[in-house]
Amino acid sequence: MTGEPNSRKFHAIEVRFSKDRQVAQYLFYRKHISKEEDAKKPSDRTLFVANLPPYCNEECLQRLFGSFGKIESLHREEMSVLVAKETELTKQEKPGVNQVYSVAFIVFANFKILEDVIKKLTKVEKLEADTSTSKTGMAKWCSAYAASRPDPEKLQTSIDTFMKEYDKEKEKKAELAKEQEAVPDEDGWITVTKKTKKKVVQRTEKKQQWLKAKAARKRKLKQHANFYTFQIKQSKRDHIADLRRKFEEDKERIAAMKAARKFKPY
C-alpha cells in the first residue's frame with residue numbers, strides 16, 4: 001500500500017499467524033475515533049484494530065505491533081453486531097443475529113509514534129506472528145475457568161487467619177462482659193447477661209438405649225392420645241344425633257297436641 005493514509009478509513013493488512021497455514025487473515029486498523037474521551041483509550045494515541053481471531057491475544061498483538069513503536073497498553077474487547085440475514089429466493093432481509101467479533105485498542109507512548117506506526121503499516125505487505133502456543137477451544141475455556149477459581153492454599157490461609165481473629169474478638173467480648181458483670185453504670189443500673197449452662201448429652205451406649213426407650217414411650221402415649229380424641233369425636237356425634245332424634249319427637253308431639261286442641265304454649 002502506498003500514499004498518505006486516511007486516519008478515518010480502515011486499512012487492511014495481511015497477517016500470517018502460522019507458517020503452516022496457506023490462508024491469510026486480514027486485520028483492519030485505523031486511528032481510534034470516539035465522541036467521548038476515555039483515559040484508557042486516548043484518541044490521539046490509540047490504534048483501533050478489528051477482525052481479530054480468538055487466538056490473537058495480547059501477547060500476539062505485542063509481537064505484531066510492538067516492533068513499530070513503543071506500546072503503553074493493550075485493551076482487547078469483544079463486540080456484538082446485529083447482522084441481517086438475506087434469503088436467496090426472496091432477497092428480503094429477515095431478523096438478524098448477533099455476531100461477536102474481537103477488537104483491540106493499542107495505546108502508544110505519544111501521538112507521533114501512532115502517526116509513524118500508521119505510515120509504516122501502510123508500507124508493509126504482511127505481518128507474521130506465531131500463535132501455536134495460544135490456547136483455543138476447550139483448553140482455553142478450562143484455563144479461563146481455572147484462573148477464575150481461588151488458590152486452595154491461599155483460601156485456606158485466609159480462612160484460618162479470619163477464624164483466629166474471630167476467636168480473639170470473641171474472647172475479648174467474653175472478658176469484657178465478665179468484667180462488666182454486676183458492675184453498676186453511671187445511673188446505677190446493672191447489666192444482666194444471659195448464661196446458659198445446658199449439660200452436654202454423653203453418647204454412651206446406656207444413654208442411647210435410654211433415649212430410644214423414651215422415644216418409644218412417647219410414641220405409645222401419642223397413639224393413646226389419638227385414640228382418646230377419636231372417642232371424644234364419636235361421643236359428640238352420638239350426642240348430636242340424640243338431640244336431633246329428641247327434636248323430631250318433640251315436633252311430632254306438638255303436632256299431635258295441636259290436632260287435639262290441647263296445645264297451649266301460653
Practice item. Search all heavy atoms of R76 against all heavy atoms of C56 and return the closest pair with its distance. Key: NE-O, 2.6 Å
**Study point:** Point-to-point distance, once rounded to the nearest 0.5 Å, from CD1 of I118 to NZ of K31
**Key:** 7.0 Å
Point to revise | Spacing of Q62 atom CD and N57 atom CG [to the nearest 0.5 Å] | key: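 One gets 11.0 Å once the value is rounded to the nearest 0.5 Å.
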Review point. Do the ring planes of F48 and H32 sit parallel (below 30°), tilted (30 to 60°) or perpendicular (above 60°)?
Key: tilted
Review point. Taking it one step at a time, do T46 and D38 satisfy side-chain contact (heavy atoms from CB on, under 4.5 Å)?
Key: CA-CA 11 Å; T46 305; D38 189 351; over 6 Å; no
**Study point:** Criterion salt bridge (charged side-chain N to carboxylate O under 4.0 Å, His left out) on K170 and D167, from CA distance to verdict
**Key:** CA-CA 5 Å; K170 193 174 180 180; D167 292 338; over 6 Å; no
Point to revise | G69 backbone acceptor or donor facing D116 side chain under 3.5 Å | key: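 Judged by distance alone, no pair lies under 3.5 Å.
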Check your understanding: If you take all heavy atoms of V107 and K40, which pair is closest and at what distance?
Key -> CG2-O, 3.4 Å
Practice item. Quick one: sort the F65 and F68 rings into parallel, tilted or perpendicular, breaks at 30° and 60°. Key: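 If you compare the ring of F65 with that of F68, the planes turn out tilted.
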Exercise for review: Would you kindly confirm whether V124 and Y29 end up in one hydrophobic cluster when ILVMFWY residues are joined by side chain heavy atoms under 4.5 Å apart?
Suggested key: yes
Check your understanding: In Å, rounded to the nearest 0.5 Å, how long is the span from CG of N51 to CD1 of I13?
Key ->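 Answer rounded to 0.5 Å: 13.0 Å.
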Point to revise | Heavy-atom neighbours of R245 CZ exceed 12 at 6.0 Å | key: yes
**Study point:** Full working for salt bridge (charged side-chain N to carboxylate O under 4.0 Å, His left out) between E115 and K119
**Key:** CA-CA 6 Å; E115 293 177 356; K119 289 180 181 179; 5.6 Å; no
Review point. What about Y166 and I159, same hydrophobic cluster or not, with Ile/Leu/Val/Met/Phe/Trp/Tyr joined at side-chain heavy-atom distances under 4.5 Å?
Key: yes
**Study point:** side-chain contact (heavy atoms from CB on, under 4.5 Å) between E77 and K41, intermediate numbers included
**Key:** CA-CA 12 Å; E77 299 178 2; K41 297 175 284 187; 3.3 Å; yes
**Study point:** I113 side, atom CD1; K120 side, atom NZ - distance, nearest 0.5 Å
**Key:** 9.0 Å
Point to revise | Interatomic distance, S235 atom OG to R237 atom CZ [nearest 0.5 angstrom] | key: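 The distance works out to 9.5 Å.
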Practice item. Please step through side-chain contact (heavy atoms from CB on, under 4.5 Å) for the pair L127 and E14, ending with a clear verdict. Key: CA-CA 6 Å; L127 299 176; E14 180 183 347; over 6 Å; no
Check your understanding: Of the non-hydrogen atoms in P150 and L155, which two are nearest, and what is the gap between them?
Key -> CG-CD2, 4.3 Å
Check your understanding: Is there a side-chain contact (heavy atoms from CB on, under 4.5 Å) between I71 and I106 once you walk through the steps?
Key -> CA-CA 7 Å; I71 296 176; I106 305 174; 3.8 Å; yes
Review point. Is the NZ or CZ atom of R45 both under 6.0 Å from the centre of the six-membered ring of F108 and within 45° of that ring's axis?
Key: no
Point to revise | Nearest-0.5 Å distance that lies between atom CG in D44 and atom CD in E37 | key: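 D44 CG to E37 CD: 7.5 Å, rounded to 0.5 Å.
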Review point. What pair of heavy atoms forms the shortest contact from L114 to S43, and how long is it?
Key: CD2-O, 4.4 Å
Point to revise | Close side-chain approach of N110 to P42, heavy-atom, < 4.5 Å | key: no
Review point. Salt bridge or not for E249 and R253, using N-O below 4.0 Å?
Key: no
